[in-house]
**Student:** 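Next up is a structure, given as structure tokens.
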Amino acid sequence: MNCHAAFVYSDQYAKYHFHADHPFNQKRVQLTYELLKDTGFLTDDQIIQPRMATDEDLSLIHDEKYIEAVKLANKGKLSSKKGLEFGLGTEDTPIFNCMHEAASLIVGGSLQAVDAVLQGEVKHALNLGGGLHHGFQRKASGFCIYNDGAIAIQYIRKFYNLRVLYVDTDAHHGDGVQWAFYDDPDVCTLSIHETGRYLFPGTGNVNERGLKEGYGYSFNIPIDAFTEDESFLEVYEKALRQIVEYFKPDVIVSQNGADAHVYDPLTHLCGSMQIYEAIPKLAHELAHEYCHGKWIAIGGGGYDIWRVVPRAWAQIWKVMTTNTPFTGKLPAQWLDRYQQESPVKLPQFWHDEEGFYKPIPRKSEITEKNHQNLTKSLQFIKNYQNNILNN
Amino acid sequence: MLVEEVMTREVISLPPNEKIETALRLLHQHHIRHIPIVNDDHEVIGIVSDRDVRDASPSIFEETAQPAELDKELKTIMSHPVITVHPLDFVEEVAGIFYEHEIACVPVTQNDKLIGIITEKDVLYTLIQLTGIHEQSSQIEIRVENKIGTLPKVTNVIGEYKLNISSVFIYPDQKDPSKKIIVFRIQTMNPMPVIQALNQKGYEVLWPNIPGITE
């Protein structure tokens, strides 16, 4: 199966850059782009340029005062006290030159992806620059300024009136998007993430199920630190399939943070490349089964930008366009080009080699605990279906 | 934190001569578990819990249409005397009362009159706020010597990284009485630099603390 898809990209994405020592580094988008180019599976006619999001786009989610503050920060005119009120100028989201433009371009990229799919030009679209899921209505946080995912969803609601399923497999809870649609029954959010006991932002408990009319349209499955492939995928595959069957979305928006890998320096999950082959595979399959293919994928976290992110993200595109992941060796020209610059030895294969990390003790307990959270989360759907049967 | 900052002010109360049936209805209607019983001067003279009412209700296996039990007056089943607290008491004192007396709710009185109620749930909510979990943050735990001056040294390190602290709490190390464990929630997605700095200064950072893996 070959699918018509669009890849939203501009080298200007690299301008979303806090400072040299900051863990969030958009060079990973370029590395992925180059990697795909070298495989021959990404061609120029598939690429669309992101546009600059307008103030009107941004205010679909963000407060005008907040947008104003980001613009002032640009010009160095925002006092540090005022900045902190909006989460600007903190360690996580320091102020940088042209931050408003850089962040707006990312949002515009996700909106281009939405339009390309919903106007029927392509079946699927991918904007790896996006996925900034911690951005709040009036607050920057967790490396995110504007929340492109939430804006894209609200844009779909407003201009296309479709029911949206948002699925977030970043290792951190997709809190910004969840809270933005917490009381909206037409937007269902699913976030699978490392438990917030230690990890930022701390939320994403099973019992966060939504509010008022939106009750029952927010799903969270926290998984334990040191979770490995098998358990991660059990949770992902069962949850996504059941939630899609229950919610019957018109379109799927997936956030593809690539920070659940063993190598990721900020989290404690123990995934391998296997999860990054399987995640887009099921999203793709379900989009065709339930949504006539309508699937918009965006990026997200991912802090091992050399060994993990380019491979993981390239697989989304490969699965999106051909339904099968890359296998075997990475293109030699890509390795040659970047090995020098990379502070770590680049992997040679698309997959991770057997035994590349130390075995995890207490694996069965971790698996059992994750399974329990999965069951608790999906119990809502079971009860709901039983109620329908009984009435 | 004071009781008056945490308590619920709109209290549903009943007079002692009201029927049990009324209490049963109000408990259901308002999803509550306790009703203070007050006299004409609004002084608390008893309290009725959902369990008292349930114990007094006829068994669901009995088929009498209008069971006489429910027509009885509340004073026949209410608990008294009642433990009450003052609005200026501390929340932790209330937690102590709940623990010691194995109860889950106390009426709040001022000049002997009922002005509020505080329940287990209010106390737990306060605890959640103390842990800082309601704000976006990362958690780190540090095992330190139980010694004067340690806490400011540790917070100094966090301060150097310009990180705001959402909450701090300290608990005794179960294994070693000469140590304490400090738990911070700090407002950052990237605690790695500060953890490294703490490690370099010789502090033992337990993060994430999973027995059998990190210990």
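Every heavy atom of this structure was used, including side-chain atoms; hydrogens, water molecules and symmetry mates were not. Convention: sequence-line order gives letters A, B, ...; per-chain numbering from 1.
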**Student:** Using non-hydrogen atoms and a 4.5 Å limit, figure out which bit of A:Asp21 sits close to chain B: side chain, backbone, both or neither.
**Tutor:**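 Nothing of A:Asp21, per the 4.5 Å heavy-atom cut-off to chain B.
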**Student:** Determine whether more than 12 heavy atoms belonging to other residues, nucleotides or ligands lie under 6.0 Å from atom CD of B:Glu92.
**Tutor:**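 Check passes, neighbour count above 12.
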**Student:** Would you say that more than 12 heavy atoms from the other residues, nucleotides or ligands in this model lie under 6.0 Å from the CD of A:Glu368, or not?
**Tutor:**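 Counting other residues, nucleotides and ligands, CD of A:Glu368 stays at 12 neighbours or fewer.
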**Student:** Look at atom CZ of A:Arg209 and say whether more than 12 heavy atoms of other residues, nucleotides or ligands are closer to it than 6.0 Å.
**Tutor:**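 Buried by this count: over 12 neighbours within 6.0 Å.
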**Student:** Counting only heavy atoms not in B:Glu5, do more than 12 fall under 6.0 Å of its CD?
**Tutor:**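 More than 12 within 6.0 Å, yes.
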**Student:** Crowded around B:Gln29 CD? As in, over 12 foreign heavy atoms under 6.0 Å?
**Tutor:**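 It does: B:Gln29 CD has more than 12 such atoms within range.
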**Student:** Go through the steps for B:Met189 and A:His172 under the test side chain to side chain contact (heavy atoms under 4.5 Å, CB included), then give the verdict.
**Tutor:** CA-CA 9 Å; B:Met189 185 150 122; A:His172 299 88; 3.9 Å; yes
**Student:** Of the backbone (N, CA, C, O) and the side chain (C-beta and beyond), which part of A:Phe24 lies under 4.5 Å from a heavy atom of chain B, both, or neither?
**Tutor:**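 The answer is neither part of A:Phe24.
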**Student:** Is any residue of residues 82-91 of chain B within less than 4.5 Å of chain A by heavy atoms, and which ones?
**Tutor:**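 Listed by number, there are no contacting residues, so the answer is none.
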**Student:** Can you name the closest pair of heavy atoms from A:Gly202 and B:Arg185 and give their distance?
**Tutor:**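 Scanning both residues, the minimum pair turns out to be CA-NH2, 3.6 Å.
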**Student:** Chain A contacts: which residues in residues 144-156 of chain B have a non-hydrogen atom closer than 4.5 Å to it?
**Tutor:**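 Not one residue of residues 144-156 of chain B has a heavy atom under 4.5 Å from chain A.
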**Student:** Between A:Phe136 and B:Gln136, is a side chain to side chain contact (heavy atoms under 4.5 Å, CB included) present by the stated rule, with each step listed?
**Tutor:** CA-CA 11 Å; A:Phe136 278 30; B:Gln136 286 181 306; 3.4 Å; yes
**Student:** Looking at A:Asp92, A:Thr90, A:Asp175, which has the largest count of heavy-atom pairs under 4.5 Å with chain B?
**Tutor:**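 Maximum pair count with chain B is reached by A:Asp92.
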**Student:** Is the shortest side-chain heavy-atom distance between A:Tyr303 and B:Asn190 below 4.5 Å?
**Tutor:**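 A side-chain contact is absent here, since even the closest heavy-atom pair is not under 4.5 Å.
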**Student:** Is the number of heavy atoms from other residues, nucleotides or ligands within 6.0 Å of CZ (B:Phe169) greater than 12?
**Tutor:**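 Counting neighbours around CZ of B:Phe169, more than 12 heavy atoms of other residues, nucleotides or ligands fall under 6.0 Å, so yes.
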**Student:** Apply the test side chain to side chain donor-acceptor pair (under 3.5 Å) to residues B:Thr188 and A:Glu91: give CA-CA distance (whole Å), side-chain angles for both, the deciding distance (0.1 Å), then the verdict.
**Tutor:** CA-CA 7 Å; B:Thr188 179; A:Glu91 278 295 284; over 6 Å; no
**Student:** Is the NZ atom of B:Lys179 crowded by more than 12 outside heavy atoms at less than 6.0 Å?
**Tutor:**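 More than 12 within 6.0 Å, yes.
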**Student:** Could you walk me through whether A:Tyr198 and B:Glu141 pass the side chain to side chain contact (heavy atoms under 4.5 Å, CB included) test, one step at a time?
**Tutor:** CA-CA 9 Å; A:Tyr198 294 91; B:Glu141 299 188 1; 3.7 Å; yes
